[in-house]
2 protein chains.
Amino acid sequence: MGIVVQKYGGSSVADAAGVKRVAQRVVATKKQGHQVVVVVSAMGDTTDELIDLANEVSPLPPARELDMLLTAGERISMAVLAMAIQSLGHEARSFTGSQAGVITDAEHGKAKIIDVTPGRIEEALSQGAIAIVAGFQGVSQTTKDITTLGRGGSDTTAVALAVALKAEVCEIYSDVDGIFTADPRIEPRATKIPRISYEETLEMAAQGAKILHLRCVEYARRYDMPIHVRSSFSDKEGTWVVKAQDVVSEETMEAAIITGVAHDSSQAKITVVGVPDKVGEAAAIFRAVADAQINIDMIVQNVSAAATGLTDISFTLPRGEGQAAMAALSRLQAEVGYERLQYDDSVGKVSIVGAGMSTSPGITARFFEAMSEAGVNIEMISTSEIRVSVVVSEAQIQTAVNAAHGAFNLGTDEIEAVVYGGTGR
Amino acid sequence: MGIVVQKYGGSSVADAAGVKRVAQRVVATKKQGHQVVVVVSAMGDTTDELIDLANEVSPLPPARELDMLLTAGERISMAVLAMAIQSLGHEARSFTGSQAGVITDAEHGKAKIIDVTPGRIEEALSQGAIAIVAGFQGVSQTTKDITTLGRGGSDTTAVALAVALKAEVCEIYSDVDGIFTADPRIEPRATKIPRISYEETLEMAAQGAKILHLRCVEYARRYDMPIHVRSSFSDKEGTWVVKAQDVVSEETMEAAIITGVAHDSSQAKITVVGVPDKVGEAAAIFRAVADAQINIDMIVQNVSAAATGLTDISFTLPRGEGQAAMAALSRLQAEVGYERLQYDDSVGKVSIVGAGMSTSPGITARFFEAMSEAGVNIEMISTSEIRVSVVVSEAQIQTAVNAAHGAFNLGTDEIEAVVYGGTGR
């Protein structure tokens, strides 16, 4: 049997009891005959506590030192997990990101992995030891400074190590049983998806489903590394994230048209009213927003009213970035000459995702009909090859999710008692 | 001006306020024109908390992983201190022991420094930055694993770096104003010693004065690196630990005969009663104790009683090791054939230390007379070139210290309000 990489999030190793439970699971995998590499996040709230400490001594902690500080969190969890495994009678050795050969660029706080040279991990495995690796961290190729990978970093560490070690699978553990057809908190009939393609997972994640981080899925897709998303609190099979061909062949030859419904309730919408309909006006607006480091999502430009020569431009963005975007646009009023700004922070986005969509006509129509029948007002629309998204008022998100879920027969009669949580870093 | 290495213990950086105060002091030194290298211990009780965590998951935490875990403590304090310094407008960069070039052997938990290659520190200094270095830790030359130096490790890190960087001085900061003629908690007339030789400091430390750790003083003595022991809570000059010649030349040509009185109240005494007075019996006893990793201090073997051919062997040892020593000796009874063991854990040791002692006859006599006049019963005696130590009952330690302090005119009329604390790791 081959190498298995397992990643445990902060909620799985929140305290000594959690660490011991994870140790049991790691040893069980080892006993099955696998070589096991474990990637851990910091325990529970450690990272937040360290950030609080940094803020106590510095109004704007320098990024290099913040990385040095935060990496102490994984150092603690990995050492403690190695101890717990050893006390079960199995050899275990912990390694920092640097020791594990996770080489990154020098962008502190959001470093990208540029190489993985896991010589020490391979040596430990060849000696029969279980290797524990700190997630979320690496070492800069140029400065030799300690770096962190930013949000979702531990997932990415796990996938990158799995690829470098030619592992059979990368298992991502959290307190959730897998990826669901919708968020079970608002759609009680949601079911666990047994297999899903990288592309669908990326769309689900990008559209607000808090399952895996985009970077980690992109990395897995690029190198075709299967990810098994599962719960550290049960032995149930979770969701396999694999390449599209493997999803189809595994199912009843007939791929599901719609795989799941994602929603994002943290959106805001800005409308720039009365923009002169001239070349370059829209570009100036979006340049200003981009310069403020705002990530905009959907954009709608109304057809210009011939009488006035004015048009409206609307776009959505993460709610947390609303203030900054409004400020950036305000500074632009004289230059662009728009009439006024409208800000609506009570909108959300509901998306249907499915690889079968591109070959099944009528999906968009069925989705819109379901919204209409449920009385949901669609404010904006965007589509991709395997996704249709609509912006609706926040109050109608649940209605929209339920309607979409029902319209595509995603449901089960059996309601699973699960908590649909976010993944850690 | 040259390089100054400053070491701050855990009590100096116990919280954010302490870190900020240390940052101010570091910046002040930098502003005087020095290049500054700072060695920090873990904040406050961090190390104890990490040890507690280790014990929660493992009855006997493996040494390699314990080192990995504990080094997280200095990682936190050094990063936070670097942040605090930067927020004062000065460039500061933190370095782990490994990054600072602290190369050790592979003895986890008590590694010895075998080389210091501070290339990254020199680079940081040459670029005008303040370098912050994690105390207490290094990296094994052979295994490349993270190691810790054991008790007093941070002091040793500071001196070793000072030597490697050819620093002007190594300043050791704690919550104590310097080295005193006696522990001010039990001798209110104790005065701060302005200058003291390495040799006297070693004797004071070995005899129980909690000032500097032996290893650090030995290192400084070997390379003649001046140590300035001072308080991080005041700007007062502390105590300079220098080579013997520099103590004499600085004073009134006439070196003080006695420099200070040390005491150690954590001693125990074991007496092996009725040992056959044959060649090899004592050796067997001390071999058994040594095999149990017990550090014995003074030894007294009574003159054998001719009638019985039996003798008694007494020795002192740290009280914490008493149980283990008794167990080791019990297992030996059949082999050696002694009569019985006596254990007294209410003894202590009082020592006078002074470089002038070797050239001033009558010191020992004056010391014993003072003990006698104060009614102190001497149980055991040992001497070195510059020290006389006596074992007394624990209840008489304070009386003995006061009497010795008075007999050699070490006192002042001015009682200083100081706290005489231990140094951290």
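Naming: A, B, ... by sequence-line order, numbering from 1 per chain.
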Enquirer: Give, for atom CZ of F95(A) and atom CG of D145(B), the distance between the pair rounded to the nearest 0.5 Å.
Expert: 7.0 Å
Enquirer: Quick check against the 3.5 Å criterion: does K20(B) have a side-chain atom that pairs as donor or acceptor with the backbone of E56(A)?
Expert: yes
Enquirer: Just so I understand: if I count every heavy-atom pair under 4.5 Å between each of K144(B), R120(B), R75(B) and chain A, which residue has the most?
Expert: R75(B)
Enquirer: I'd like to know which of A82(B), A92(B), A79(B) tops the heavy-atom pair count under 4.5 Å against chain A.
Expert: A79(B)
Enquirer: If I measure from the heavy atoms of chain B, does L66(A) come under 4.5 Å with its side chain, its backbone, both, or neither?
Expert: both
Enquirer: Going by heavy atoms in the side chains, are Q99(B) and M68(A) under 4.5 Å from each other?
Expert: yes
Enquirer: Non-hydrogen atoms of chain A under 4.5 Å away: do they reach the side chain of A17(B), the backbone, both or neither?
Expert: neither
Enquirer: Which value, rounded to the nearest 0.5 Å, describes the distance between L53(B) atom CG and M83(A) atom CE?
Expert: 8.0 Å
Enquirer: Side chain, backbone, both or neither: which part of R93(B) has an atom under 4.5 Å from a heavy atom of chain A?
Expert: both
Enquirer: Only one of P59(A), P61(A), P62(A) forms a side-chain contact (heavy atoms from CB on, under 4.5 Å) with S87(B), so which one is it?
Expert: P59(A)
Enquirer: Taking the side chain as every heavy atom from C-beta outward, state whether V80(B) and E65(A) have any atom pair closer than 4.5 Å.
Expert: no
Enquirer: Tell me, for Q86(A) versus chain B, whether the close heavy atoms (under 4.5 Å) come from the side chain, the backbone, both or neither.
Expert: side chain
Enquirer: Can you tell which part of T143(B) gets under 4.5 Å to a heavy atom of chain A, answering side chain, backbone, both or neither?
Expert: backbone
Enquirer: Roughly how far, to the nearest 0.5 Å, is the CG atom of L69(A) from the OG atom of S77(B)?
Expert: 9.5 Å
Enquirer: Between D15(B) and chain A, which part of the residue has a heavy atom less than 4.5 Å away: side chain, backbone, both or neither?
Expert: neither
Enquirer: Give, as side chain, backbone, both or neither, the part of L50(B) having an atom under 4.5 angstrom from any heavy atom of chain A.
Expert: side chain
Enquirer: Working to the nearest 0.5 angstrom, can you tell me the gap between I85(B) CD1 and S58(A) OG?
Expert: 11.5 Å
